[in-house]
Amino acid sequence: MSFRSACTHWFALWLFSASVLAAPPAGVVSVSHPDAAAAGARILAEGGNAIDAAAAVQFALNVVEPQSSGIGGGGFMMIHLAKTGETFIVDSRERAPAKASAGMFSPGGLPMVFKLASTTGLAVGVPGTLRGVDTALTRWGTKKLADTLAPAIELAEHGFRVNRILAAEIANDGGRTQLQPETAAIFRPAGVPLKEGDLLVQPELAKTFKLIAAKGPDVFYQGPLAQAIVNAQQRSRSELGVAGTGRMTLADLEQYRVAIREPLIGHYRGFALVTMPPPSSGGLTLLQILGMLERFPLGDAAQGYGFGSPKTLHVMIEAMRLAFADRSVWIGDDNAVPVPRTGLLHPEYIEMRGAQIKTDSRMKDPLPGYPVRWDNVADVQPKPSRIKEESPQTTHFTVIDRWGNVVSYTSTIEYTWGSGITVPGYGFLLNNELTDFNFLPSQDAAVHNPGANDVAPGKRPRSSMSPTLLFKDGKLVAVYGTPGGTTIINTLLGITINLIDHGMTLQQAIDAPRLSVTQPTGEIRCEGGEDFMQPRFSISTQDALRKLGHVGLGAAGTDECKQKMGSVQGIGIDPATSSSYGAADLRREGTVITVGP
Ligand code: GLU
């Protein structure tokens, strides 16, 4: 077994160069935390397949990265089976309870303040992660649920060392670990925030995992544990009173079902992308942006393009603005409201939308387009819904086994620390996923607006999470995904372009600085300020964008590209040798472990 943490990223991981290593197929895990990566590697070393290993990683992440994902949340687990070539997604996204209603985040017609709403029981969706992992294991795994829980139980029972990421999230928690005594007791024992290097032992979480290992997943969805979840989410904030009380009942938990989904497939410059359909907006929006960019020679520095040039960034920003205008009205859970998938990706429609991009000037704020004529969807006159705050702190990991089966899994409790509510006696956090719905309902019969992302009973809130596979000539060449709320889409765009247009290795593609625009109005967020983010977006590049009228970058001559975005864990596969190479993100403690055959 060879171990490589992201701090040794200079070991180049050539994605497309067959000559570098011709090792026989090995298993690889790429995870944002070394202890969770080790959990997955252990299962692979014990003969498990990628699905088994992914289950172990997810449970371990609940222990060592509890602020980002866990059994109190949901996610999208993309599975690619080597034998049949099939790809599908186990959708364990949280669902709105039966008593949820369109206006529940806007009592009296006014939207709640996000921070308040997201830290009450009202925000808690019916959790799906455990059901999702168990479904995947039962159908495609080879190990028992209890075997995959074993590493997590050990980590929770014996403890692990708090890393710099977790310590920083506790220190800068925006109050979220301090609102509920059960949460504070874990992360701020005796009122003192845990710091890097402290040992964190979680006996209640260990007990919960042992219970699940002994009794199976139903123990979570029925009986005393389910009752404890229901009770915990009845908490509200005094400022919101009864309006902030959770609406989940025992019946909602008992009736929770995962969905098995077909992926969305699109093409870019001869590569096929296999990505996430609704209820994620990620795949559709990513493919729209790529479609609009195909007309520009993004890789050609001689024509003024190339990585990070103002010309490249400008056309990327314009395509993002157009696609996000569509996203705001057309995309939601299409089990509840039809999404015009065909139209949004139709070449004629993409051509029409992309034609608005001028290389030498910034367009006026774009409106959503009308892609309905290619789908059996009512001709609506939508008005955009406001895009709310979303957290950058979900998690993504990738696993491949020696047989070539792949899992690419983005998993979340929504905001960092989710709702901040720990289930008393059970030691895990509940999500605040329902805040991904529109706070103000947009459904409007007069103009046929279906309210694609309005709250409704049983519905899944619109997501951006998009585990993605990249194929060339029918062969899988890369697997990646990231957290980051709406910025997920633009981080995945950047990785895809870095690989295909800029000829980067997967590790270089991950290390490169990122830029994101998630509103038609176009406020730019961009990265920099860390040595590994190379090449940078220079001040002169930022000035060139300012000159074109782009917004969000502040005053001329200043360096505003200082943010951090996402955490990409990926795997590249050499099509010639079938060797797999992990690549992980320094923005967290991304770790790659290779398990030899
Ligand atoms: N709730 C977000 C979504 O589903 C995920 C948050 C994140 O990525 O950090 O898109």
Side-chain angles (χ1 to χ4, degrees), residues 32 61 65-70 72-78 89-96 105 114-115 117-119 123-129 132 165 169 173-174 176 259 261 275-286 324 327-328 331-333 385 387-397 408-420 429-439 452-453 455 459-468 480-493 495 514 516 518 525 563-569 585 587-588:
S32 58
L61 281 171
E65 215 186 47
Q67 73 276 26
S68 295
S69 76
F76 301 133
M77 183 182 200
M78 181 173 275
I89 299 114
V90 180
D91 172 353
S92 63
R93 182 83 168 157
E94 299 89 333
R95 304 182 72 166
F105 287 114
F114 177 82
K115 192 169 173 187
S118 61
T119 49
V124 180
V126 186
T129 291
I165 314 290
E169 295 297 359
D173 66 354
R176 283 173 185 258
R261 300 194 187 279
T275 185
M276 193 60 216
S280 179
S281 59
L284 284 168
T285 306
L286 172 65
F324 273 90
R327 177 190 182 274
S328 72
I331 310 178
D333 178 355
S385 56
I387 295 175
K388 295 179 310 296
E389 199 176 345
E390 281 181 37
S391 156
Q393 290 295 5
T394 293
T395 199
H396 182 86
F397 65 91
S408 186
Y409 193 173
T410 316
S411 177
T412 186
I413 52 172
E414 214 297 288
Y415 213 84
T416 313
W417 304 111
S419 62
L429 284 156
L430 291 174
N431 69 83
N432 66 297
E433 213 72 47
L434 300 187
T435 60
D436 276 359
F437 279 120
N438 297 338
F439 272 29
N453 193 37
V455 188
K459 194 172 169 181
R460 291 177 156 93
R462 178 179 61 206
S463 174
S464 301
M465 300 187 295
S466 306
T468 296
Y480 45 92
T482 183
T486 41
T487 69
I488 287 173
I489 298 164
N490 298 326
T491 293
L492 296 182
L493 172 75
I495 300 284
R514 297 168 186 158
S516 177
T518 57
R525 280 182 275 178
Q563 304 194 7
K564 259 192 215 168
M565 241 173 260
S567 173
V568 179
Q569 269 57 238
D585 207 321
R587 293 162 182 81
R588 290 196 204 164

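Whatever order the structure lists ligands and atoms in, that order sets their numbers, starting from 1.
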K.L.:
Sort out for me which residue in Val126, Thr412, Asp333 forms a side-chain contact (heavy atoms from CB on, under 4.5 Å) with Arg93.
P.N.:
Thr412
K.L.:
Using a strict 4.0 Å cut-off to heavy atoms of Pro483, name the atoms of ligand 1 that fall inside it.
P.N.:
8 (O)
K.L.:
Short list, please: which atoms of ligand 1 are under 4.0 Å from a heavy atom of Glu433?
P.N.:
1 (N), 2 (C), 4 (O)
K.L.:
With Ser516, which residues qualify under side-chain contact (heavy atoms from CB on, under 4.5 Å), at least two apart?
P.N.:
Thr487, Asn490, Thr518, Met565
K.L.:
Apply salt bridge (Lys or Arg N to Asp or Glu O under 4.0 Å) to Asp91 and list each qualifying residue two or more places apart in sequence or on a separate chain.
P.N.:
Arg261, Arg460
K.L.:
Quick check against the 3.5 Å criterion: does Thr129 have a side-chain atom that pairs as donor or acceptor with the backbone of Gly70?
P.N.:
yes
K.L.:
Between Thr394 and ligand 1, which part of the residue brings a heavy atom under 4.0 Å of the ligand: side chain, backbone, both or neither?
P.N.:
both
K.L.:
Below 4.0 Å, non-hydrogen atoms only: which portion of Ile488 touches ligand 1? Side chain, backbone, both or neither.
P.N.:
side chain
K.L.:
Identify, by atom number and element, the atoms of ligand 1 in contact range of Gly485, meaning under 4.0 Å from any of its heavy atoms.
P.N.:
6 (C), 7 (C), 8 (O), 9 (O)
K.L.:
Using distance alone, determine whether Arg462 and ligand 1 share an N or O pair under 3.5 Å.
P.N.:
no
K.L.:
Validate the cation-pi geometry between Arg176 and Tyr415: distance from NZ or CZ to the six-membered ring centre under 6.0 Å, angle to the ring axis within 45°.
P.N.:
yes
K.L.:
Gly484 versus ligand 1: do any nitrogen or oxygen atoms come within less than 3.5 Å of each other?
P.N.:
yes
K.L.:
Begin from the C-alpha positions of Arg588 and Glu65 and carry the test salt bridge (charged side-chain N to carboxylate O under 4.0 Å, His left out) through to its verdict.
P.N.:
CA-CA 11 Å; Arg588 290 196 204 164; Glu65 215 186 47; 2.9 Å; yes
K.L.:
Just which atoms of ligand 1 are under 4.0 Å from any heavy atom in Arg93?
P.N.:
3 (C), 4 (O)
